[in-house]
Number of protein chains: 2
Amino acid sequence: MISEKTISRLTNYQTLLRQQQSMGTSHIFSHQLADLARVTPAQVRRDLMVIGYSGNPRTGYHVGDLQESLMQFFAFSTGIPTVLVGVGSLGRALLSYFMTGRSNIRILAAFDTDPVKTGRSISGCRVHPMTRLRETVADLTVTCGLITVPGTEAQKVVDALIASGIHGFVNFAPVRLKVPPTVFVENLDVTSSIEKAAFFARSYSLKTQEEQTHE
Amino acid sequence: MISEKTISRLTNYQTLLRQQQSMGTSHIFSHQLADLARVTPAQVRRDLMVIGYSGNPRTGYHVGDLQESLMQFFAFSTGIPTVLVGVGSLGRALLSYFMTGRSNIRILAAFDTDPVKTGRSISGCRVHPMTRLRETVADLTVTCGLITVPGTEAQKVVDALIASGIHGFVNFAPVRLKVPPTVFVENLDVTSSIEKAAFFARSYSLKTQEEQTHE
DNA sequence: TTCACGCTGTGACAAATTTCACAGCTAGAC
DNA sequence: GTCTAGCTGTGAAATTTGTCACAGCGTGAA
């Protein structure tokens with residue numbers, strides 16, 4: 001079994017390699033990729049082991065080939081089909097970001113309970129009423145659901161999407177969802193992340209002050 | 001040294017306890033909190049060790065007291081003062097979410113380079129021109145910076161904020177920032193998270209299909 | 001008061017993850 | 001062709017993180 005952390009880093013490498021390729025880099029060493037990704041060179045080599053791509057001791061990794069291998073590993077060559085549920089301010093922000101299509105994320109449909117928001121398109125994405133979620137999703141081949149509803153609604157939304165056959169979610173609501181073991185949830189809780197950053201900020205800040213005092 | 005994961009879980013407990021308290025729960029056992037947070041009871045007890053709060057073998061943890069201890073540990077009783085840089089669609093979404101103030105995050109000021117956006121308020125938060133970042137931040141006591149600018153701008157923005165004395169960041173741009181060891185960065189890369197969820201969705205989905213075939 | 005149940009707190013253990021360190025290889029120099 | 005510098009790939013060690021299991025204790029029952 002391959003770990004979450006490894007997958008996160010691999011997606012990151014993919015992004016970085018795309019940037020490098022557009023800058024005309026044809027070959028790259030593990031330590032260079034490591035610098036870009038802010039990890040150790042050994043970590044890069046370990047990670048690349050799992051996708052089976054081999055570099056060359058003298059020239060490093062061929063950027064194009066490595067990207068190809070990553071694409072194949074992730075099987076995302078045609079983009080990632082998703083649906084978004086909850087067209088609040090965050091939902092709209094995500095629509096506006098992803099519908100302009102600079103990434104390989106495709107939002108195929110959006111849903112909301114509010115009749116004011118449904119029936120029209122936002123950033124070019126059709127917003128359907130929540131009641132038609134099941135039938136609409138059944139017609140599409142969706143890999144991942146984006147949950148941008150209030151915390152109180154999140155559980156019933158994932159339940160419905162799981163019933164429609166979706167196995168992966170990114171949950172922006174500040175609750176922990178209850179899902180069967182065949183379903184993956186990535187929690188993106190902004191508040192929690194800010195609290196975390198604030199905690200370490202404080203601790204680093206205090207440490208810095210102490211050191212300055214001792215000098 | 002206390003780990004990032006522990007801090008994440010502690011902030012989560014805090015949120016859950018707040019909910020429980022508003023529901024009138026006065027005492028809670030480690031296994032109950034564990035169920036809410038989707039972790040093991042042992043994990044909860046271990047985590048609570050670090051803040052020094054002790055429960056009672058017969059009645060569990062006192063919700064109010066525990067919350068108090070967590071507050072004290074995080075020293076967030078007055079809220080977390082932040083600034084936001086980059087008033088694009090995501091920046092506006094965060095402003096609209098946090099300025100309504102149901103959390104302890106306080107966005108004290110926003111910044112953008114676009115003259116169209118500066119000089120006015122969005123969701124009740126004043127948007128300043130980027131050129132006045134340094135002086136404005138110096139006047140405030142800010143713990144954490146929220147980076148919602150395009151990837152190409154992110155590095156120069158954090159550099160400026162670090163120079164203004166900020167030690168913690170939540171970075172929404174899809175780049176890895178280069179910061180000194182006295183600065184903490186929490187990366188919230190939505191694209192990367194969706195890719196990760198999509199990968200595991202696919203793998204779980206395939207596994208489920210296989211199992212059904214074998215039956 | 002005494003007893004017993006079932007929880008907490010924690011040392012010891014197990015698993016996961018990262019880093020080390022080095023054998024083996026390959027392209028370029030000569 | 002031969003040599004060499006410096007990389008990759010990978011076992012093994014180290015570190016980090018999570019779990020187990022149980023001694024010890026506090027509360028309510030009798």
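Just so it is clear: chains get the letters A, B, ... in the order the sequence lines come, proteins before strands, and each one is counted from 1.
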**Prompt:** From the list dT10(D), dC7(D), dT8(C), which nucleotide is the closest neighbour of the side chain of Phe29(A)?
**Reply:** dC7(D)
**Message:** Once rounded to the nearest 0.5 Å, what's the spacing between atom OG1 of Thr182(B) and atom CZ of Phe184(B)?
**Reply:** 13.0 Å
**Asked** Does the side chain of Asn56(A) get closer than 4.0 angstrom to OP1 or OP2 of dC25(C) through an N or O atom?
**Response** no
**Prompt:** Once you round it to whole Å, what is the distance between P of dT15(D) and CD of Glu4(B)?
**Reply:** 19 Å
**Item:** Atom pair OG1 (Thr148(B)) and CG (Leu188(B)), whose distance is rounded to the nearest 0.5 Å
**Value:** 11.5 Å
**Request:** Using whole Å, report how far CG of Asp47(A) lies from P of dT19(C).
**Result:** 10 Å
**Asked** dT19(D) phosphate, OP1 or OP2: any side-chain N/O from Thr40(B) under 4.0 angstrom?
**Response** yes
**Between Phe76(B) and Phe199(A), ring centroids under 6.0 Å** = no
**Asked** When rounded to the nearest 0.5 angstrom, what is the spacing between CG in Asn187(A) and CG in Leu177(A)?
**Response** 6.0 Å
**Fill in**
Rounded to whole Å, the CD1-P distance (Ile28(B) to dC7(C)) equals 13 Å
**Prompt:** What pair of heavy atoms forms the shortest contact from Ala34(B) to Thr40(B), and how long is it?
**Reply:** CB-C, 3.6 Å
**Request:** Check the distance between dT8(C)'s P and Asp65(B)'s CG and give it to me in whole angstrom.
**Result:** 15 Å
**Prompt:** From Leu17(A) CG over to Ile28(A) CD1, what is the distance, rounded to the nearest 0.5 angstrom?
**Reply:** 6.0 Å
**Message:** Just the rounded figure in Å: distance from C1' of dA15(C) to NZ of Lys5(B).
**Reply:** 12 Å
**Request:** Examine dA16(C): is either OP1 or OP2 under 4.0 Å from a nitrogen or oxygen in the side chain of Ser3(A)? Give yes or no.
**Result:** no
**Message:** Applying a 4.0 Å non-hydrogen cut-off, can you work out what Thr6(B) is touching in the nucleic acid: base, sugar-phosphate, or nothing?
**Reply:** nothing
**Asked** Between atom CG in Leu48(B) and atom P in dT19(D), what is the gap in whole Å?
**Response** 15 Å
Filtered N/O pairs between nucleotides 1-3 of chain C and protein, under 3.5 Å:
none

**Request:** Could you tell me whether the phosphate oxygens of dC7(D), OP1 or OP2, come under 4.0 Å of any side-chain nitrogen or oxygen in Arg58(A)?
**Result:** no
**Request:** Send over the distance from Tyr61(B) OH to dC25(D) C1', rounded to a whole Å.
**Result:** 14 Å
**Item:** Arg46(A) or Gly60(A), whichever maps to the more 5' nucleotide of DNA chain D
**Value:** Gly60(A)
**Item:** Residue Arg45(A), side-chain heavy atoms: nucleotide from dT8(D), dC20(D), dC7(C) that is nearest
**Value:** dT8(D)
**Nearest-neighbour nucleotide for the Ser54(B) side chain, dT8(D), dG26(D), dG9(C) considered** = dG9(C)
**Prompt:** Whole Å only: how far is the CG atom of Leu10(A) from the C1' atom of dT18(C)?
**Reply:** 15 Å
**Request:** Determine, stepwise, if the pair Val83(A) / Phe111(A) fulfils side chain to side chain contact (heavy atoms under 4.5 Å, CB included).
**Result:** CA-CA 8 Å; Val83(A) 292; Phe111(A) 297 91; 4.2 Å; yes
**Message:** With a 4.0 Å limit, can you tell me whether Thr59(A) has a side-chain N or O closer than that to the phosphate oxygens OP1/OP2 of dA27(C)?
**Reply:** no
**N/O (side chain, Gln43(A)) to phosphate O (OP1/OP2, dT19(C)) under 4.0 Å** = yes
**Message:** Assess, by modelled atom type and distance only, whether the side chains of Ser192(A) and Thr11(B) contain a donor and an acceptor separated by less than 3.5 Å.
**Reply:** yes
**Residue closer to the 5' end of DNA chain C, Ala42(B) versus Arg9(A) (nearest nucleotide)** = Ala42(B)
